[in-house]
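A quick note: this is a predicted structure, and the numbers were derived from the prediction, not measured. Below, chain A is the first sequence line, B the second, and so on; all start at residue 1.
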Amino acid sequence: MSAEVVQSRREWLLSERPASRMQARLGRAYVAWRRFSANRLAFIGLLIILALVVVAAFAGVLAPYSPTVGDLKNARLLAPGAAHWFGTDDLGRDIYSRIVYGSRWTLYVVILVAVIAAPIGLLVGTVAGYAGGWTDAILMRITDIFLAFPKLVLALAFVAALGPGIENAVLAIAITSWPPYARIARAETLTVRNSDYIKAVQLMGASPFRIVLRHIMPLCISSLIIRVTLDMAGIILTAAGLGFLGLGAQPPLPEWGAMIASGRRFILDQWWVAAAPGAAILIVSLGFNLLGDGLRDALDPRSGDQ
Amino acid sequence: MTAALSVEGLEVVFDRFRALKGVSLEVREGESYGLVGESGSGKSTLLRAITGLAPVSSGTITVNGKTLGKTRDKAFYREVQMVFQDPYGSLHPRQTVDRLLQEPLAIHGIADGEKRIERALDEVGLGNGFRFRYAHQLSGGQRQRVAIARALILEPSILLLDEPTSALDASVQAEVLNLLEEVRRRRKLTFLMVSHDLAIITHMCERLMVMQNGEAVETLTASQLIGHRVSQDYTRNLLRASEGFVRTA
């Protein structure tokens, strides 16, 4: 692509007079992207998350061994080396392959929790904030009750009731992680509900449902995305914690938390069994945190002319 | 001529504060009616009570012969629209002009949206070049034009104007006022206009009501106000204040 083409595309994106809906939307996204990519660390975070997605998608190609079937006879607890990059565990399974496959479970947990918890929080928060009165009081007291429990303990209780397993762990984490989102959404809603532009829509004859869905929610979404991204690390750690306690993923699933738990028994002599999944959790959590920070700078409605 | 909008003994109470104390007025069809008074005199509250944004505790409001109940229906909003004071706060920050204008059409299920939006933008003197801009890409005057277009797109017969130009600078003010005049003439609209600027009111309105502390002080015609033929001291003070600073030797 020649320099002029790039230049004219940029002008098209940054045009003050967009000619179509599409151009206006793309221009807006481009401005946010420029602000985001100017932040080095955030960019690194994005790369880490993209790498996680790629690894999860191509786990079958990237992993040299089976994640669940080991060589008990010849390959128990081997130190990292050329044949097994991160060594092997007590059942003779290649740890590198397990980590590669484990990225799928990490992504599964993170995405499912975000997809379940964020919409619940958004809905509860915006409805409570916009409706006010009794609706607000009831919804927010329910939220307070959920907030009052320590997250991991409540998740433990749910898993204990529902039975161990990664699906139930996801459900338990989702149930315990929506209240902060409801809080944020409600706070955002309260700041905009009395603004003239919402009044103007009321004067159009819009139903409360429409106002919440189409006019208030879009304003809450960016702060919610930021918060969810920053919480991703916490979600991974909670999932790992549940896995570590034996209540999340069950063997032989290569879930990172469960891998640390099984490596705990020989942490002094065969440190790599626990260290490799620990490092993976660390890197991915860090990636999500960096990404969240960058998104905050790029999307925060209070910064600049968004 | 019949009354397009009449208000009888309207009371508005916010947490025991009586913002309006039994105000009555009648606006004839096609007339431009002004409300003047100092800040806090209840002018804006009166408009908000009519639109249903402020709680009416007693009194009746009649629009085109229909007495309004506690809630306003969609048909009401097709008859009565409002332009807000602050053009910087009355446009949604995340919506393009196109989206803003589409919303009322979508709510009322009006089919020929494309044409109406183009016509509305033309009418307020904004070309299609403004259609896909966000509010932050517009100047104050342009924003107010968009707000006027939004109010007009449902083709109401009554337009409530809450100090539509007080947030704009003088030259832009004149442009917006001319635009409003022109729109009123073309569409035979009824205006109920709030302002604290007597010059604007005498320019725009045939009759006006002076308000103070949530009460009507007196009702005048524009020519009475220009000729200073007023009966109340408060109005006289207002007139004197509007003449500005007078240097005494």
TODO: Taking only Lys NZ, Arg NE, NH1 and NH2, and the carboxylate oxygens of Asp or Glu, determine whether B:R48 and A:D196 approach each other closer than 4.0 Å.
DONE: yes

Open item on the list: The test is side-chain contact (heavy atoms from CB on, under 4.5 Å); show your working for A:M204 and B:E103 and say whether it passes.
Closed with: CA-CA 8 Å; A:M204 297 289 136; B:E103 196 63 14; 5.5 Å; no

Task: Sub-4.5 Å side-chain heavy-atom contact between A:Q23 and B:F132 - done: no

Open item on the list: Heavy-atom pairs under 4.5 Å with chain A - which of B:M82, B:Q95, B:R131, B:Q85 has more of them than the others?
Closed with: B:Q95

Open item on the list: For A:F149, I'd like to know if atom CZ has over 12 heavy atoms of other residues, nucleotides or ligands within 6.0 Å.
Closed with: no

Open item on the list: Side chains of A:L203 and B:F76, heavy atoms from C-beta outward: is any pair under 4.5 Å?
Closed with: no

Task: Heavy-atom closest pair, residues A:R25 and B:Y134 - done: CA-OH, 4.3 Å

TODO: To the nearest 0.5 angstrom, please state how far the OH atom of A:Y197 sits from the CZ atom of B:R94.
DONE: 9.0 Å

Open item on the list: Please rank B:D73, B:L100, B:V83, B:L91 by heavy-atom pairs under 4.5 Å with chain A and give me the top one.
Closed with: B:L91

- [ ] Measure across A:A200 and B:S90 and return the closest heavy-atom pair with its distance rounded to 0.1 Å.
- [x] CB-O, 4.3 Å

Task: Max heavy-atom pair count under 4.5 Å with chain A, selected residue of B:K74, B:R133, B:H108 - done: B:R133

TODO: Just give me the residue among B:R72, B:R78, B:Q81 that pairs up with chain A most often, heavy atom to heavy atom, under 4.5 Å.
DONE: B:Q81

- [ ] Check each atom of B:T51 against the heavy atoms of chain A and say whether the ones under 4.5 Å are side chain, backbone, both or neither.
- [x] both

Open item on the list: Within the structure provided, determine whether A:S207 and B:I107 are in side-chain contact (heavy-atom separation under 4.5 Å).
Closed with: no

Open item on the list: Tell me whether A:R40 at atom CZ has more than 12 heavy atoms from other residues, nucleotides or ligands lying less than 6.0 Å away.
Closed with: no

Open item on the list: Can a donor-acceptor pair be found, under 3.5 Å and without considering hydrogens, that links the side chain of B:H92 to the backbone of A:H215?
Closed with: yes

